[in-house]
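Beneath this line is the structure, given in structure tokens, with notes to follow.
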Amino acid sequence: MKNVFRILKKEFPNIQNNVLMKNHTTFKIGGPAEYFLIVRKREDLMKAIKVAKKLTIPVFILGGGSNLLVSDKGFSGLVIKIELDNLVLKKKNTIISDAGVTMQNLVNMSLKNSLVALEWAGGLPGTVGGAVRGNAGAFGGEVKDSILSVEALDKNLQLRKLSNTQCQFSYRSSIFKKKNWTIVSVVIKCKKGDKKTLQEIANSHIKYRKEKHPLEYPNAGSVFKNVDFKKIPLRLQNLFLDKVKKDPFLIVPSAWFIIGAGLTGKKIGKAQISKKHSNYIVNLGGAKAKDVAQLITFAKEKIKEKYGVSLEQEIQYLQ
Ligand SMILES: Cc1cc2nc3c(=O)[nH]c(=O)nc-3n(C[C@H](O)[C@H](O)[C@H](O)COP(=O)(O)OP(=O)(O)OC[C@H]3O[C@@H](n4cnc5c(N)ncnc54)[C@H](O)[C@@H]3O)c2cc1C
């Protein structure tokens, strides 16, 4: 092990070992990453994956850590934190953004230039790479709506350029998630709009998040994906008729199932199903990944039992 670290250190002087992932996730949960490297250049990203492959070390790509539950045991392998942060406004209302740019910097740039594209993402944490991989969405908008193309590294470290259609975006998914490809940069197509109106929309979303989401505690956003209305057993659909939303297809927010099953406020250790928003689990201080994982399993079982619905996790589990 020491030998591996020595080889890695020679290639990447800024590499660290035994870095606590709880310091790199919004949940503030997670044990040590065996090796931890911050990359700011695409050459370093490619080199790091290549070297890890040669040394047969598992690699995990980290963005803003806002959709992650990392095991208490940490990760045996190399965590590469992407901090490539070039953000450029081109002619014809096009933005080119590196994967490590934060969504909020991207939103701010589009608003500053009166560009319609990302105002729905006001207050969305994380990086552009993480958002594209999971086709993040909120308030009726989704990342896929404004992507022109994406540059990504495939498993053979080939740099590919994919059009919007080739990205195979779907609800909280994409080709990058299915194939585990690494997003390097994206091109975003915008339209000109009214600066004041766009700013107001973004601000209203930020305000809504502060009011309705438990931002006062560490968390990782929505725990479960919303439920496709068609997947609710016919005999139970009328229970949720007034809860159905179009986002982007007909869904019922999973919070309603959690509330219906009486799970709001349920605690295991220091992890709690939020009293403010039932689709959030919050870290009350010192929560363990195992507490959160148990809460997730418990909620899934109870909801399956009561409604015959299988909740799917939105949070990514790294172990
Ligand atoms: C308070 C709060 C509110 C949230 N609200 C929303 C919301 O409204 N809508 C929504 O969709 N999500 C929401 N989220 C979840 C989260 O912010 C998004 O999923 C975000 O897009 C994740 O980006 P990240 O950079 O933090 O990814 P990370 O958490 O770092 O990683 C998530 C996954 O993406 C992968 N990944 C990261 N970067 C790359 C890359 N460059 N290439 C390939 N894979 C990569 C990681 O390997 C991991 O599997 C919320 C989270 C929080 C904490």
Side-chain angles (χ1 to χ4, degrees), residues 21 24-30 33 39 42 45-46 49 58-70 75 77-85 97-107 118 120-144 150-155 159-160 162 167 169 171-186 205-206 208-226 247-248 253 274 276-277 279-283 313-319:
M21 289 296 285
H24 294 276
T25 60
T26 56
F27 232 152
K28 302 283 170 243
I29 292 177
V39 292
R42 66 167 64 191
L45 170 65
M46 289 167 92
I49 302 176
V59 168
F60 180 77
I61 301 292
L62 177 68
S66 65
N67 199 24
L68 282 184
L69 176 63
V70 181
F75 177 68
L78 171 64
V79 171
I80 302 177
K81 181 163 165 57
I82 297 207
E83 288 194 0
L84 314 176
D85 64 353
S97 169
D98 274 350
V101 169
T102 64
M103 278 303 284
Q104 286 321 291
N105 279 350
L106 178 59
V107 170
L118 295 153
W120 62 266
L124 181 80
T127 61
V128 168
V132 170
R133 177 188 188 264
N135 185 25
F139 306 105
E142 278 184 308
V143 162
K144 76 164 174 35
V150 175
E151 261 190 320
L153 290 169
D154 69 14
K155 289 281 196 187
L159 192 63
R160 296 176 178 237
L162 291 91
C167 293
F169 288 118
Y171 177 54
R172 300 294 172 271
S173 190
S174 68
I175 190 167
F176 314 106
K177 189 167 181 175
K178 287 179 214 146
K179 298 208 179 230
N180 215 6
W181 290 353
T182 304
I183 296 149
V184 178
S185 76
V186 309
H205 295 334
I206 294 170
Y208 181 93
R209 284 176 185 276
K210 276 192 190 142
E211 279 169 15
K212 306 278 182 190
H213 298 170
L215 305 185
E216 51 283 3
Y217 292 106
N219 67 77
S222 296
V223 176
F224 299 108
K225 292 181 186 174
N226 290 325
D247 188 21
S274 165
K276 194 168 172 187
H277 190 311
N279 195 23
Y280 275 67
I281 291 179
V282 291
N283 176 356
Q313 237 165 271
E314 189 165 320
I315 290 180
Q316 313 288 308
Y317 199 7
L318 174 64
Q319 48 191 338

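Ligands are counted one by one from 1 in listed order, and the atoms in each one are counted from 1 as well. Each residue takes its place number in the sequence, starting with 1.
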Self-check item: Side chains of Leu153 and Leu45 in contact at under 4.5 Å (non-hydrogen atoms)
Solution: yes
Subset of ligand 1 atoms that lie under 4.0 Å from at least one heavy atom of Ala138:
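Every atom of ligand 1 under 4.0 Å from some heavy atom of Ala138: 8 (O).
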Per-atom filter on ligand 1: closer than 4.0 angstrom to a heavy atom of Thr26 are 53 (C)
Name the residue from Val132, Ile61, Leu84 that meets the side chain to side chain contact (heavy atoms under 4.5 Å, CB included) definition with Ile183.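 The passing option is Val132.
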With a 4.0 Å heavy-atom cut-off (strictly under), which part of [X] contacts ligand 1: side chain, backbone, both or neither?
X      : answer
Ala220 : backbone
Leu215 : side chain
Arg209 : side chain

Has [X] got any heavy atom lying under 4.0 angstrom from an atom of ligand 1?
X      : value
Tyr280 : yes
Met103 : no
Phe60  : yes
Trp181 : yes
Gly65  : yes

So Val39 and Glu83, side-chain contact (heavy atoms from CB on, under 4.5 Å) or not? Walk me through it. CA-CA 6 Å; Val39 292; Glu83 288 194 0; over 6 Å; no
of all protein heavy atoms, closest to atom 35 (C) of ligand 1 is Arg133 CD, 3.2 Å
When distances are taken from atom 20 (C) of ligand 1, the protein heavy atom at minimum range is Ser66 OG, 3.7 Å
For Tyr208, the ring pair (Phe, Tyr, Trp, His ring centres under 6.0 Å) test, sequence neighbours excluded, returns Phe139
Should one rank Ile183, Leu124, Ile61, Thr127 by closest heavy-atom distance to atom 25 (O) of ligand 1, which comes out on top?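 Looking at heavy atoms only, Thr127 sits closest to atom 25 (O) of ligand 1.
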Quiz item: With only distance considered, is Pro125 within less than 3.5 Å of ligand 1 through an N or O on each side?
Solution: yes
